[in-house]
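One structure is given here, and the rest of the page talks about it.
Side-chain atoms are counted along with the backbone in the values below, which use heavy atoms only and exclude waters and symmetry mates.
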Amino acid sequence: MQVSSLNEVKIYSLSAGRSLPEWLSDRKKRALQKKDGDIRRRIELIQDFEMPTISTKIKVSRDGQYIMAVGTYKPRIRCFDTYQLSQKFERCLDSEVVTFEILSDDYSKIVFLQCDRFVEFHSQHGHYYRTRIPKFGRDFSYHYPSCDLYFVAASSEVYRLNLEQGRFLNSLQTDASENNVCDINPTHFLFATGTAEGKVECWDPRTRNRVGLLDCALSSVTADTEIDGLPSISALKFNGALNMAVGTSTGQVLLYDLRSSNPLIVKDHQYGLPIKSIQFQHQLDLIISADSRIIKMWNKDTGKIFTSMEPEYDINDVCLYPNSGMLMTANEAPKMNIYYMPVLGPAPKWCSFLDNLTEELEENPESTVYDDYKFVTRKDLENLGLAHLIGSSLLRAYMHGFFMDIRLYHKAKMMANPFAYEEYRREKIRQKIEETRAQRVQLKKLPKVNKELALKLIEEEEEQQAARKRKQKNLPSLLKDDRFKVMFENPDFQVDEQSEEFRLLNPLVSKISEKRKKKLKILEEREAQEQEEEEEPEGKPSDAESSESSDDEKGWVEEVRKQRKLLRQEEKVKRQERFKEDQQTLLKPQFFEIKEGEEFRSFKDSAKKQKLMKKTLGDRLKLEEKLGTLSVSDTTVGSKQATFKLKKSEQQKKQQEAEKQHRQERKTLRRSAGHLKSKRGRGQRFH
C-alpha cells in the first residue's frame, strides 16, 4: 500500500504492488509471498479486481453491493460483490462497450451501448434483448418517469427508446452536427446534451422543446488559456437542481448556475487533454474532475485545489463510492486502481478495517530519507571547506542548497572536526545514564503481582497528567484505589498473557508488551544493583563523579568486545560440530519401485523433452518431418493435410520383435513339416 500526501491530504493507494499471475499454483504463490516482501505486504481489497488488458468504464450499483466494470480484450463485463470481496460473475460481449447504465438497484437490469450501434439489454440471468440505433452512439441517459432511454450519437438527432412500450419514439432535433455527451437532472429531470460545437442544449422531456442554450466554448476561453481548436463538450454532470459542470475537450471545467449563461468558475487542468469524468463530493463541496493524466479535486465555491492524483497509466473513467472516501479508476492497464482518502469520508462498511489501518499508519509515520546523499547549504559547504566544489559533478544543485555523497560528507566533517564523534558518543552515553537514573525512581512503585499492568497504568497516568489542563481535577489512580488493591497483591489475579482469551482481546498489544517486558527487566536489574550497593556519601566532589563515568565507559567498551569474541567462538564451535556430524552421517541408497507396464527412462530424456517443449510449433513440426512421424501433403482445395504417426515405446517395440520372431519360427516349422510329408509320399510310391 502506497501513501502519498499533497496539501496535507493523505491518499492511500490500495491497489499498489505487483499482482501474481493466475496460472501460478498455490504452492508457488506461497513461496513467492515468503521471498518477496512487497507481495507479502500488499493489500488485495477485492480479489482479482482487474481486466485482461484494459478497463474502460466502472460504476457502483445504487445499493452499494456491486461494482461493475467493462473492458477488453475480449469485450466483457465483470461484476464484483463487495460483501464477498470477490467476483460475482463475468459475461463476454460481441463488441466493445462505449458506456453502460445500471437501471435497477442491483445487477438485475443493465443496458450496454456498444461501438457497432447495438444496444444490448441484460437481466439477472444474462443476455435479454438486442436492438440497433441509426448512428454510432456516444452516450445515453435514462429518464425514470417515462422509462425513456435518450441516445446521443454522431448525428444531430437524439434518439428515444421507450422501454415500457418497447419501441422508438420521435427523435429530438438539435442544431448541432454531432452530440457527444448527455445527462438528466435527478431533481426536475431536465435533459442536457453537449455538442461538438462546444454548446450545451437543454430540453424539457415533457414538451420535447428546447428550453435553453449555453455557449461553453466561448466562455472557456480566457486571457490565460491557450487552445489549438474549437473546444467541444466531452463531459457533463448535474448537481442538485441548479448546478451543472461541463468539461471541454481542451481541458477546462466550467461550473454553471442554470439561471445564468455565464459560468461561476472556469478551472483549467493545464494539460490540454479532454475531460473524461466529473464527480461531485457533497461533504466537502468538492468537484472531482479527471482527464487521461490527472485527477483534480477542487472547491466548487473558490476553485482552490484540494488535492490531486497522477496514476501511472492513462485514466478512462473515475467512480466515487457513495458516502465514503473511496475512489476507483478504470485505466489503460489490467489492474483497476482503488484509492482511499480518510479526509473525504469513512471507509465503506464492507471494508471498515481500512479506518483502523490508516489510523495505525498515521500514529507511526515513516519519514522519507535520502540514505546515500546529504543535503547541504552554501554555508555548510563553506564551514566544511568544500565551497570550491560548487559547479562540479560532486554537487547536485537542488532548491536552496546541494546534494552531495554521504561518504564525502563524512570524510570532510571528520577532517574539519576530528573530535565530533567523541563528543557525540559522550553525549549519547550521558543521555543513557540519565534515562536509567530516571527509571530507578519508578521501581519503588511497582507491585509484586501484575508488574506489566502496573507499568502500563503508570505510563498512561503520566500521559494524562501531561495532556490535562490545570483547571481539571486529578482523577484517582487504580494503583491507589482500595477496590483494586488485591489485584496487585494476590498471585491468583496474575494476568496470563499466553491464554487464548488474552490474545483474542488484545491482538495489537504484542509489540507494546515486548517493549514493556524489556523495560521491566532493566528495572529489576537496577533494583538488584541498588540493594547491593551502599549509599553514596554526602559531599562527594564532581571530579570524582566524572572520573567514575569515564571508567564506566571504558569498562562498557571492554565488556562489549569480550561479548563479541565469545559470540564468534561459539559460532566457530557450532560450525565444527555441524561439519563432524555431516562427516559421520552416511548417505544410504534409496530404491524406488516402478509400476507394472512402465519403463525407466534416463534423466536425459526428460531434459530433451523440456528443450523440445521450449521450441516453437514450427520447429517441432520440422523435427517431426525429419524423424518421419509427420507427413504434410497438399489437398485439391488448396489447404494442407498433416498426418501424424504415434511413437512406439520400447516395450511395444520389443513385443513387435518377439511377435515377428515367433512368426518366422512358425514359418520354418511349417516348411520343415511340408518337406517331411513330401519325402514320405515319394517313398511310398517307390515301394
Side-chain angles (χ1 to χ4, degrees), residues 56-60 62 98-102 113 138-144 149-152 158 179-196 198-203 205 212-217 219-220 231-261 263-269 273-292 294-301 303 306 308 315-323 327-330 344:
T56 54
K57 290 285 181 180
I58 182 168
K59 291 186 180 182
V60 181
R62 284 201 295 272
V98 177
T99 184
F100 72 101
E101 188 72 34
I102 306 169
L113 176 62
R138 293 181 178 176
D139 197 6
F140 73 94
S141 295
Y142 182 60
H143 187 250
Y144 281 92
L149 281 174
Y150 287 78
F151 295 95
V152 294
V158 177
N179 294 292
N180 294 332
V181 290
C182 64
D183 193 22
I184 294 177
N185 193 293
T187 306
H188 47 69
F189 302 106
L190 181 71
F191 174 75
T193 174
T195 66
K199 296 179 181 179
V200 175
E201 295 188 13
C202 298
W203 292 72
L213 180 66
L214 290 174
D215 192 354
C216 301
S219 302
S220 64
S232 60
I233 308 300
S234 60
L236 189 64
K237 188 71 175 177
F238 279 105
N239 178 35
L242 298 175
N243 290 333
M244 179 181 65
V246 180
T248 64
S249 59
T250 53
Q252 289 85 26
V253 181
L254 297 86
L255 182 63
Y256 280 94
D257 190 322
L258 294 179
R259 297 168 293 185
S260 174
S261 60
L264 301 175
I265 292 175
V266 178
K267 190 70 179 176
D268 195 350
H269 272 222
L273 300 172
I275 303 297
K276 293 286 187 77
S277 173
I278 299 175
Q279 302 286 336
F280 287 90
Q281 211 278 339
H282 302 287
Q283 282 79 7
L284 299 177
D285 293 335
L286 298 177
I287 295 178
I288 304 171
S289 55
D291 56 22
S292 59
I294 191 170
I295 302 172
K296 286 192 176 183
M297 301 182 190
W298 44 282
N299 191 286
K300 69 176 184 179
D301 297 326
F306 182 72
S308 63
I315 304 165
N316 288 328
D317 193 19
V318 177
C319 176
L320 182 66
Y321 195 89
N323 303 320
L327 192 74
M328 294 169 285
T329 62
L344 297 183

Subject >> Non-hydrogen atoms of A290 and I295 that approach each other most closely >> reply: CB-CG1, 3.9 Å
**OP:** With sequence neighbours left out, write down each residue that passes side chain to side chain contact (heavy atoms under 4.5 Å, CB included) with K59, or none if nothing qualifies.
**Re:** T99, F100, E101, I102
Subject >> Partner set under side chain to side chain contact (heavy atoms under 4.5 Å, CB included) for P205, not counting sequence neighbours >> reply: H143, Y150, F191
**OP:** For residues L344 and L286, determine if any side-chain heavy atom of one lies less than 4.5 Å from a side-chain heavy atom of the other.
**Re:** yes
**OP:** Applying side-chain hydrogen bond (donor to acceptor under 3.5 Å, both in side chains), name anything that partners D139, two or more places apart in sequence or on another chain.
**Re:** none
Original post:
Y321: what forms a ring-ring contact (aromatic ring centres under 6.0 Å, His included) with it, not counting sequence neighbours?
Top reply: W350
Original post:
Can you check whether D215's main-chain N or O pairs, donor with acceptor, with S219's side chain at less than 3.5 Å?
Top reply: yes
Subject >> K300 NZ to I265 CD1 distance, which is reported to the nearest 0.5 Å >> reply: 10.0 Å
Subject >> Y142-F140 aromatic ring centre distance below 6.0 Å >> reply: no
Original post:
For K267, does the NZ atom sit with more than 12 other heavy atoms under 6.0 Å from it, leaving out its own atoms?
Top reply: yes
**OP:** For the pair K276 (side chain) and I315 (backbone), establish whether a donor and an acceptor sit closer than 3.5 Å, ignoring hydrogens and angles.
**Re:** yes
Original post:
Sequence neighbours excluded, which residues qualify as side chain to side chain contact (heavy atoms under 4.5 Å, CB included) partners of S277?
Top reply: Q279, D317, V318
**OP:** Indicate yes or no: at least one non-hydrogen side-chain atom of K296 is less than 4.5 angstrom from one of V253.
**Re:** no
Original post:
With sequence neighbours left out, what residues match H188 under ring-ring contact (aromatic ring centres under 6.0 Å, His included)?
Top reply: none
Subject >> Atom pair CG (L213) and SG (C202), whose distance is rounded to the nearest 0.5 Å >> reply: 8.5 Å
Original post:
Within a strict 4.5 Å, meaning less than it, do heavy atoms of the L327 and Q281 side chains meet?
Top reply: no
**OP:** Identify the heavy atoms of A241 and L258 that sit nearest to each other, and give their distance.
**Re:** O-CD1, 3.5 Å
Original post:
Hey, what do you get for CD1 (I278) to CG (L255), rounding to the nearest 0.5 Å?
Top reply: 9.5 Å
Subject >> Pair listing, salt bridge (Lys or Arg N to Asp or Glu O under 4.0 Å) test, anchored in residues 231-240, at least two apart >> reply: none
Original post:
So, the side chain of S234 versus the backbone of I275: is there a donor-acceptor pair under 3.5 Å, distance only?
Top reply: yes
Subject >> Polar side-chain atom of K57 near backbone of A330 as donor-acceptor pair, under 3.5 Å >> reply: no
Original post:
With distance as the sole test, does D183 use its side chain to make a donor-acceptor pair with the main-chain N or O of A192 at under 3.5 Å?
Top reply: no
**OP:** Determine the minimum heavy-atom distance between S292 and L273, stating which atoms define it.
**Re:** OG-CD1, 3.3 Å
Original post:
Between atom CG of L320 and atom OG1 of T329, what is the distance when rounded to the nearest 0.5 Å?
Top reply: 12.0 Å
Original post:
With sequence neighbours excluded, what pairs up with T193 under the side-chain hydrogen bond (donor to acceptor under 3.5 Å, both in side chains) test?
Top reply: N179
Subject >> Exercise: identify the closest heavy-atom pair between V246 and C216 >> reply: CG1-SG, 4.0 Å
Subject >> M328 side chain near V60 side chain, heavy-atom distance below 4.5 Å >> reply: yes
Subject >> With F280 via ring-ring contact (aromatic ring centres under 6.0 Å, His included) - residues at least two apart >> reply: none
Original post:
Distance from L242 atom CG to R259 atom CZ, nearest 0.5 Å?
Top reply: 4.5 Å
Original post:
What's the shortest heavy-atom distance between C182 and V152, and which atoms?
Top reply: CB-CG1, 3.9 Å
Subject >> Nearest-0.5 Å distance that lies between atom CH2 in W298 and atom NE2 in H269 >> reply: 7.5 Å
Subject >> With D301 via side chain to side chain contact (heavy atoms under 4.5 Å, CB included) - residues at least two apart >> reply: D285, N299
Original post:
Where is the tightest heavy-atom contact between V181 and I233, given as atom of each residue plus distance?
Top reply: CG2-CG2, 3.8 Å
